[in-house]
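Nothing here was measured: the structure is a model prediction, and the numbers come from that model.
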2 protein chains.
Amino acid sequence: MRYRTVIVDDHPIVISGIAGLLTDLENIEIVEKFESGVALLDYIEDNKVDLILMDIFLPIINGVDLCKTIKQKHPKIVIIGMSSQSERSLVMQFIQNGGNGYILKNASFDEFKDCIYKAIDGEIVFSEEVKTIISQPLSEDLERIPGLSRRERDIALLLSQGKSTQEIADNLFLSFLTVQTHRRNILQKYKMKNVAELIAFLLKNNMLN
Amino acid sequence: MRYRTVIVDDHPIVISGIAGLLTDLENIEIVEKFESGVALLDYIEDNKVDLILMDIFLPIINGVDLCKTIKQKHPKIVIIGMSSQSERSLVMQFIQNGGNGYILKNASFDEFKDCIYKAIDGEIVFSEEVKTIISQPLSEDLERIPGLSRRERDIALLLSQGKSTQEIADNLFLSFLTVQTHRRNILQKYKMKNVAELIAFLLKNNMLN
DNA sequence: GCTCTTTTACCTGAAATCAGGTAAAAAAAA
DNA sequence: TTTTTTTTACCTGATTTCAGGTAAAAGAGC
């Protein structure tokens, strides 16, 4: 079986580069190339596609949303994201929205080949550098951030559930004033202006749960 | 080379079950079994370990935190998470904290074997059911949730950055009262009590960015 | 034993949010 | 073109948060 493959990238040079790499691959047939997501969305409505290699930074509609939209209608299409540089949260978001893998564009030909074959085989794949990005950062990112104490985490968790100071006090059998103090201490510890910013910060850094 | 492997699970029955599966595997040597994370943390300080299979739901310290702690000091140890049932965010969190893979306990022997060998080989692996969990749910989960309008998303984004109503109004060149109306509409749309709960909800459902 | 951190608790006043209402212009969809 | 959704805007009052203090008891670490 030959996999009908589409490439989406807003840089024509990158498209031809990837196309060049892929022509060497057995059973990968490049059927179309696009420079934007909307053109791709039109195309897949009328044509059979098995594999999509897409840049994440695209004009109009970004790669994450594009992937989500495609997967909702065509869950069987294998989608691999690509970008020149990236960060952890972007990669995770792409996977959470149905992506089957993520490759940095500086990956070697062998990495590309490996990842594509494995993705077709049903695996979720990452190029080497992506793997380090999604797992290593915590050693630098999170180590310097002082953690929440147990009580503070309890309170932060209830805050993220929309509880008011009074409700939290009732919930934890504490004085209203005590909870108020904890709230202020947490905000000051991370220099946050209010609970909204705090919750966003804590969730992005995986400090709740 | 034989991989020195440790199993951590608070159900002795599960430990023996997994141990049984693994004895059949070439070059996997089970050197120790633990029922809690603290015992494991002590052990790895004094003994060489290559691979850890750990339950995610553990007493005292949970699997995600345990994985994070271990990886900070011993990034080369391969850690695979396991649980009986799971949800997307938990799996993603585990991976973001350095985990090399995630397997549901109902996976077949072949899946276990495959995942373990691939993880040792440097891949990030998921058992079949985990793959569907992390990618499929969006088609049911998110489709029924009404989206934010463009203006609403602008405002929600600024809220997540800790901006006050007045600051948002200045930022978007709107009246204070207009922003106030948008805030209320967003809260009512998702039946949220306050911005804190709203931000948590939006971030967990990838509705910001 | 001593020290530092955490948890508990209280007071006050300004600022901001939340909840209820209404309504009209503009834009998008049917 | 008509209808619906979105965006804009105003009013009021109760509730809540935020920021500034202080301080003592309990627990963890040295």
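Applying the 3.5 Å distance criterion, the base of C:dA16 shares no donor-acceptor pair with the side chain of B:Ser164. At a cut-off of 3.5 angstrom, counting only N and O atoms as typed in the model, there is no donor on one side facing an acceptor on the other between the side-chain of A:Arg150 and the base of D:dG27. Between the side chain of A:Ser175 and the base of C:dC10 there is no donor-acceptor pair of N/O atoms closer than 3.5 Å.
Of the candidates D:dG20, C:dA19, D:dC10, C:dA19 carries the atom nearest the B:Gln180 side chain, counting heavy atoms from C-beta on. Among the nucleotides C:dT7, D:dC10, D:dC18, the one closest to the side chain of B:Leu177 is D:dC10. Taking the side chain of B:Asn194 as heavy atoms from C-beta on, and the options D:dT17, C:dC18, D:dA9, the nearest nucleotide is C:dC18. Distance from the side chain of B:Thr165 is smallest to C:dT17 among C:dT17, C:dT7, D:dC18. Considering only the side chain of A:Val195, D:dC18 comes nearest among D:dC10, C:dC10, D:dC18. The side chain of A:His182 lies closest to C:dT8 when the candidates are D:dA9, C:dA9, C:dT8. Closest contact between the side chain of A:Ser149 and the listed nucleotides C:dT7, D:dA9, D:dT7 involves C:dT7. For B:Arg151, the listed nucleotide lying nearest its side chain is D:dT7; candidates were C:dT17, D:dT17, D:dT7. Nearest to the side-chain atoms of A:Arg184 among the listed nucleotides D:dT16, C:dG20, D:dG21 stands D:dG21.
Rounded to an integer number of Å, the gap from B:Ile199 CD1 to C:dC18 P is 10 Å. Following rounding to the nearest Å, B:Leu159 (CG) and C:dC18 (P) show an atom-to-atom distance of 9 Å. Rounded to an integer number of Å, the gap from B:Glu167 CD to D:dC18 P is 13 Å. Regarding A:Leu187, its CG atom lies at a distance of 13 Å from the P atom of C:dT17, rounded to whole Å. Atom pair B:Gln166:CD and C:dA15:C1' shows a separation of 12 Å (rounding to whole Å applied). In this structure, B:Leu174 places its CG atom 15 Å from P of C:dA26, rounding to the nearest Å. Distance, B:Arg153 CZ to D:dT6 P: 12 Å, rounded to whole Å. Between B:Phe176 atom CZ and C:dC18 atom P the separation is 11 Å, expressed in whole Å.
Only one option out of B:Phe126, B:Phe57, B:Tyr102 pairs with B:Phe94 in a ring pair (Phe, Tyr, Trp, His ring centres under 6.0 Å); it is B:Tyr102.
Of the charged side-chain nitrogens involved, at least one lies within less than 4.0 Å of a carboxylate oxygen, so that A:Glu152 and A:Lys189 count as a salt-bridged pair. A salt bridge links B:Asp9 with B:Lys105: the closest approach of a Lys/Arg side-chain nitrogen to an acidic carboxylate oxygen falls below 4.0 angstrom. Using a 4.0 Å cut-off between a side-chain N of Lys or Arg and a carboxylate O of Asp or Glu, B:Lys76 and B:Asp50 do not qualify as a salt bridge.
Atom CD of A:Gln85 is surrounded by 12 or fewer heavy atoms from other residues, nucleotides or ligands within 6.0 Å.
With no hydrogens or angles considered, no side-chain donor-acceptor pair links B:Lys118 and B:Asn100 at under 3.5 Å.
Within 4.0 Å (heavy atoms only), B:Thr178 reaches at least one base atom of the nucleic acid.
When both pairing distances are held under 3.5 Å, C:dA30 makes a Watson-Crick or G-U pair with D:dT1.
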